[in-house]
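In this text the structure is predicted, and so the values were computed from the model without any measurement. Labels below follow one simple rule: chain letters A, B, ... track the order of the sequence lines, proteins then strands, and each chain is numbered from 1.
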Amino acid sequence: MATQKPSYWLMKSEPDAFSIDDLEKRPKQTEPWNGVRNYQVRNMFRDQMKAGDLAFFYHSSCPEPGIYGAMKIVSNAYPDPTQFDPKSDYYDGKSTPEDPRWLLVDVQFLQKFEQPVLLSTLRENEAKLEGLRVLEKGTRLSVTPVKAEHWKLITRLAGVKL
DNA sequence: GCCAACGTTGGC
DNA sequence: GCCAACGTTGGC
């Protein structure tokens, strides 16, 4: 069986709603990344993301947006249960268990960076980070792919090795 | 709070 | 299938 190389990702969350500190405190430090209601991200979950991949945890809509840590994808994509829960903010009455519209993956805390890599720092390095989706104008996707060389550079900026 | 950018919805 | 209107994202 061939060992598959991990892919790398960047996943955004508003820290007021769910932060890397929240993830660290979860049982088994694991959490279903629910609430994604965007077809492009749904398709990435379904077609590209695999258990064993690694992801940056990005805090958005906060005083200092940036990458605050790293996590591991610990499941393949499966239906997001919140879409079937009428009490959930993420309820989608047009989705059925027989034909679920929205997927999620489980993520596990790896580490919080002592030195977060802020958006401003990413911008300072944009020559080397050309093509990093989160730097591109108008990219609002909550999940974006990260190239291996960009992953490496960003972890170096954070002072860690992953 | 503003607003640019983008996604989704729905009338036609 | 077009496209205007509307909603959301997210930096500032």
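Taking the six-membered ring where tryptophan is involved, the planes of A:Tyr8 and A:Trp151 are essentially parallel, since the angle between them stays under 30° and well short of 60°. Between A:Phe56 and A:Phe113, the two ring planes are perpendicular [angle over 60°; tilted spans 30° to 60°].
Of all non-hydrogen atoms in A:Pro65 and A:Tyr68, the two that sit nearest each other are C-CE1, 4.5 Å. What you find for A:Gln108 and A:Leu23 is that their closest heavy atoms are C-CD2, 4.2 Å. Of all non-hydrogen atoms in A:Met44 and A:Val143, the two that sit nearest each other are CE-O, 3.0 Å.
Whole-Å rounding puts the A:Arg37 CZ to B:dT9 P distance at 12 Å. Rounded to an integer number of Å, the gap from A:Lys137 NZ to B:dC3 C1' is 12 Å. Atom CG in A:Asp92 sits roughly 15 Å away from atom C1' in C:dG7 (whole-Å rounding). If you take OH of A:Tyr39 and P of C:dT8, they are 15 Å apart, rounded to a whole angstrom.
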Which atoms of nucleotides 10-12 of chain C (N or O only) lie under 3.5 Å from a protein N or O atom, and what are those distances?
unit_1	atom_1	unit_2	atom_2	d
C:dG10	OP1	A:Lys12	NZ	2.8
C:dG10	OP1	A:Arg140	O	2.9
C:dG11	OP1	A:Tyr58	OH	2.7
C:dG11	OP2	A:Ser61	N	2.9
C:dC12	OP1	A:Arg123	NH1	3.1

Give every pair of a protein N or O atom and an N or O atom of nucleotides 4-6 of chain C that lie under 3.5 Å apart, one pair per line with the distance.
none

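If you take OG1 on A:Thr155 and CG on A:Leu157, they are separated by 8.0 Å, rounding to the nearest 0.5 Å. Atoms OG and CD, on A:Ser95 and A:Gln83 in that order, are 3.5 Å from each other to the nearest 0.5 Å.
Note on A:Asp92 versus A:Arg101: salt bridge recorded, some NZ/NE/NH1/NH2 to OD/OE distance being below 4.0 Å.
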